[in-house]
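Side chains included, hydrogens not; waters and symmetry mates left out as well; all remaining heavy atoms used. Everything numeric in this text was worked out from a predicted model, so none of it was measured.
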Amino acid sequence: MKYTKENLIIHPNTSSDPDLIIEVTPQTAGWQNIHFQSRRLAKGGRHFFAPAACESALVVLSGSLSVESNRGNFANVGKRQSVFSGLPEALYLPRDSEATIFAESDCEYTLAWTPVTREYPIRRINQRDISTEIRGGDNVTRQINDIIPPGFPCERLVVVEVYTPGGNWSSYPPHKHDGRRLDEKDNLVEADLEEIYYYKLNHPDGFALQRLYTDETSPLQQKGNPLDEVLLLQDNDLVLVPGGYHPVASAPGYITYYLNVLAGSDQALTAYDDPRYSWVKQSYHRLDERIPIYPVNQGIKK
């Protein structure tokens with residue numbers, strides 16, 4: 001698939017299904033692993049979900065829902081009014097799960113799934129389970145909520161939320177994870193991961209910018225698809241990251257949220273920084289006092 005500025009962004013509300021906000025399939029994305037949906041349900045609504053030989057993550061963005069599945073039942077999943085008001089709740093579903101989602105209130109949620117060969121236990125992820133990391137410094141300070149982080153008992157999925165205050169940057173210094181590499185001691189120094197960025201803005205006028213670019217080390221460029229694009233993102237837009245570097249800037253005055261879903265060679269976030277910009281990590285003086293966005297659990301990682 002030839003990636004361009006036009007097909008790297010997927011815009012919302014183009015489906016005939018009124019409950020489907022946005023969808024990515026491996027076929028439309030031109031990759032192998034990630035299938036993603038963002039959905040809404042009115043109170044009392046239901047949605048059946050059965051992705052066969054895939055592990056899945058259900059993340060509640062707003063409202064509350066319950067789930068009945070062939071692996072167990074869960075009530076009152078989700079306790080925030082919006083992504084800007086509190087920590088997430090989620091559900092990890094192993095391969096061959098079949099589940100019906102019931103809306104206990106008007107709600108929005110995402111579903112992400114990827115093919116796997118192994119089976120892990122179903123797991124509810126409560127607000128108290130979420131580890132929050134304050135990363136960077138100065139105008140590169142951002143908040144990361146780990147939902148399914150590296151080390152989680154699953155085969156391939158990684159899921160995190162990121163908050164970037166107005167005027168700040170995230171996914172910075174620019175990094176990539178598009179070719180699996182080991183060092184001389186067989187330690188992983190770069191994973192090969194597909195990734196999505198699913199955006200929410202805290203105001204209708206808010207927007208973010210994301211640059212996607214490759215260099216001679218990027219498989220996309222080696223295959224004849226070099227990239228250097230700047231994308232304008234608004235509420236509910238989704239960006240495909242099939243490879244290359246992908247930093248984000250949040251417009252001053254607004255908070256940018258994005259949900260990251262990754263899957264590929266390893267259940268990891270091991271990335272390679274663009275060496276031209278990696279020096280920035282040593283230049284920070286302080287953390288941005290606007291972070292965290294809302295009260296979070298004790299034991300924040302920095």
Is the side chain of Asp138 donor-acceptor paired with the backbone N or O of Val140 at a distance under 3.5 Å, no angle test?
no
Report yes if the side chains of Ile10 and Asp237 come closer than 4.5 Å at any heavy-atom pair, otherwise no.
no
Please step through side chain to side chain donor-acceptor pair (under 3.5 Å) for the pair Thr117 and Glu155, ending with a clear verdict.
CA-CA 8 Å; Thr117 59; Glu155 185 173 339; 3.1 Å; yes
Run the side-chain contact (heavy atoms from CB on, under 4.5 Å) check on Gln210 and Val230 step by step: do they pass?
CA-CA 6 Å; Gln210 184 162 20; Val230 177; over 6 Å; no
Assigning hydrophobic clusters by single linkage (Ile, Leu, Val, Met, Phe, Trp, Tyr; side-chain heavy-atom cutoff under 4.5 Å), is Tyr109 placed with Trp113?
yes
Straight-line distance of Ser131 OG to Ile147 CD1, nearest 0.5 Å:
11.5 Å
Point-to-point distance, once rounded to the nearest 0.5 Å, from CD1 of Ile255 to CG of Asn202
4.5 Å
With a 4.5 Å limit on heavy-atom distance, are the side chains of Thr132 and Asn297 in contact?
no
Please examine the side chains of Asn236 and Ile22, heavy atoms only from C-beta on, and report whether any two atoms are closer than 4.5 Å.
no
Tyr272: ring-ring contact (aromatic ring centres under 6.0 Å, His included) partners, not counting sequence neighbours:
none
Nearest 0.5 angstrom please: Thr270 OG1 to Asp192 CG, how far?
12.0 Å
Between the side chains of Asn70 and Glu98, is a donor N or O closer than 3.5 angstrom to an acceptor N or O?
no
Return the set of residues passing side chain to side chain contact (heavy atoms under 4.5 Å, CB included) with Asp17 (not counting sequence neighbours), or none when no residue passes.
Ser15, Asp19, Leu20, Arg39
For Thr214, enumerate each residue passing the side-chain hydrogen bond (donor to acceptor under 3.5 Å, both in side chains) test, keeping only those at least two apart in sequence or located in another chain.
Gln221
Return yes when atom CD of Gln222 has more than 12 non-hydrogen atoms of other residues, nucleotides or ligands closer than 6.0 Å, and no otherwise.
yes
So Arg156 and Gln267, side-chain contact (heavy atoms from CB on, under 4.5 Å) or not? Walk me through it.
CA-CA 5 Å; Arg156 304 181 75 192; Gln267 204 272 330; 5.6 Å; no
So, using side-chain hydrogen bond (donor to acceptor under 3.5 Å, both in side chains) as the criterion, who are the partners of Asp288 when residues are at least two apart?
Asn168, Arg290
Please tabulate, one pair per line, all N/O donor-acceptor pairs under 3.5 Å involving side-chain atoms of residues 76-83, not counting sequence neighbours.
unit_1 : atom_1 : unit_2 : atom_2 : d
Lys79  : NZ     : Asn76  : O      : 3.1
Lys79  : NZ     : Glu89  : OE1    : 3.0
Lys79  : NZ     : Glu89  : OE2    : 3.3
Arg80  : NE     : Val60  : O      : 3.4
Arg80  : NE     : Leu61  : O      : 3.1
Arg80  : NH1    : Gly86  : O      : 3.0
Arg80  : NH1    : Glu161 : OE1    : 3.4
Arg80  : NH1    : Glu161 : OE2    : 3.3
Arg80  : NH2    : Val60  : O      : 3.1
Arg80  : NH2    : Glu161 : OE2    : 2.6
Ser82  : OG     : Phe84  : N      : 3.1

Say you draw a straight line from CZ of Phe74 to CZ of Phe102; how long is it, rounded to the nearest 0.5 Å?
14.0 Å
Inspect the surroundings of CZ in Arg46 and state if more than 12 heavy atoms from other residues, nucleotides or ligands are less than 6.0 Å away.
no
Yes or no on side-chain contact (heavy atoms from CB on, under 4.5 Å) for Leu209 and Leu233, after CA distance, side-chain angles and deciding distance?
CA-CA 6 Å; Leu209 301 175; Leu233 290 318; 5.9 Å; no
Listed partners of Tyr245 passing ring-ring contact (aromatic ring centres under 6.0 Å, His included), at least two apart
Tyr213
Counting C-beta onward and ignoring hydrogens, is there a side-chain heavy-atom pair between Glu194 and Gln32 closer than 4.5 Å?
yes
Side-chain touch Arg71/Leu93, heavy atoms, less than 4.5 angstrom
no
Could you note down all residue pairs passing ring-ring contact (aromatic ring centres under 6.0 Å, His included) where residues 178-209 supplies at least one of them, sequence neighbours left out?
Phe36-Tyr198, Tyr197-His246, Tyr197-Tyr258, Tyr199-Tyr258, His203-Tyr254
Examine the side chains of His35 and Glu23 and answer whether a donor and an acceptor come within less than 3.5 Å of each other.
yes
Please enumerate all residues that pass side chain to side chain contact (heavy atoms under 4.5 Å, CB included) together with Ile144, with sequence neighbours excluded.
Glu133, Arg135, Arg142, Asp146, Val160, Val162
Here the ring-ring contact (aromatic ring centres under 6.0 Å, His included) pairs for residues 120-165, sequence neighbours left out, are Tyr92-Phe152, Tyr163-Tyr257, Tyr163-Tyr294
Close side-chain approach of Arg124 to Asn126, heavy-atom, < 4.5 Å
yes
Under the side-chain contact (heavy atoms from CB on, under 4.5 Å) rule, what do Arg95 and Cys54 come out as? Steps first, then yes or no, please.
CA-CA 4 Å; Arg95 59 172 285 153; Cys54 297; 5.8 Å; no
Under the ring-ring contact (aromatic ring centres under 6.0 Å, His included) test, which residues partner Tyr3, sequence neighbours left out?
none
Looking at CG of Leu262 and OG1 of Thr114, how far apart are the two atoms once the value is rounded to the nearest 0.5 Å?
11.0 Å
Heavy-atom check, side chain of Leu220 versus side chain of Pro242, under 4.5 Å
yes
Just list the side-chain donor-acceptor pairs under 3.5 Å for residues 279-286, sequence neighbours left out, or say none.
unit_1 : atom_1 : unit_2 : atom_2 : d
Trp279 : NE1    : Arg276 : O      : 3.3
Lys281 : NZ     : Asp273 : OD2    : 2.7
Ser283 : OG     : Val280 : O      : 2.7

Ile9 CD1 to Leu240 CG distance, which is reported to the nearest 0.5 Å:
9.5 Å
List the residues meeting ring-ring contact (aromatic ring centres under 6.0 Å, His included) with Trp31, not counting sequence neighbours, and say none if there are none.
none
Taking side chain as C-beta onward, heavy atoms only, is Gln127 less than 4.5 Å from Pro88?
no
Look at Asp178 together with Lys176 and state whether they make a salt bridge at an N to O cut-off of under 4.0 Å.
yes
What do the steps show when you test Thr164 against Thr256 for side chain to side chain donor-acceptor pair (under 3.5 Å), and what is the final call?
CA-CA 5 Å; Thr164 310; Thr256 297; 5.9 Å; no
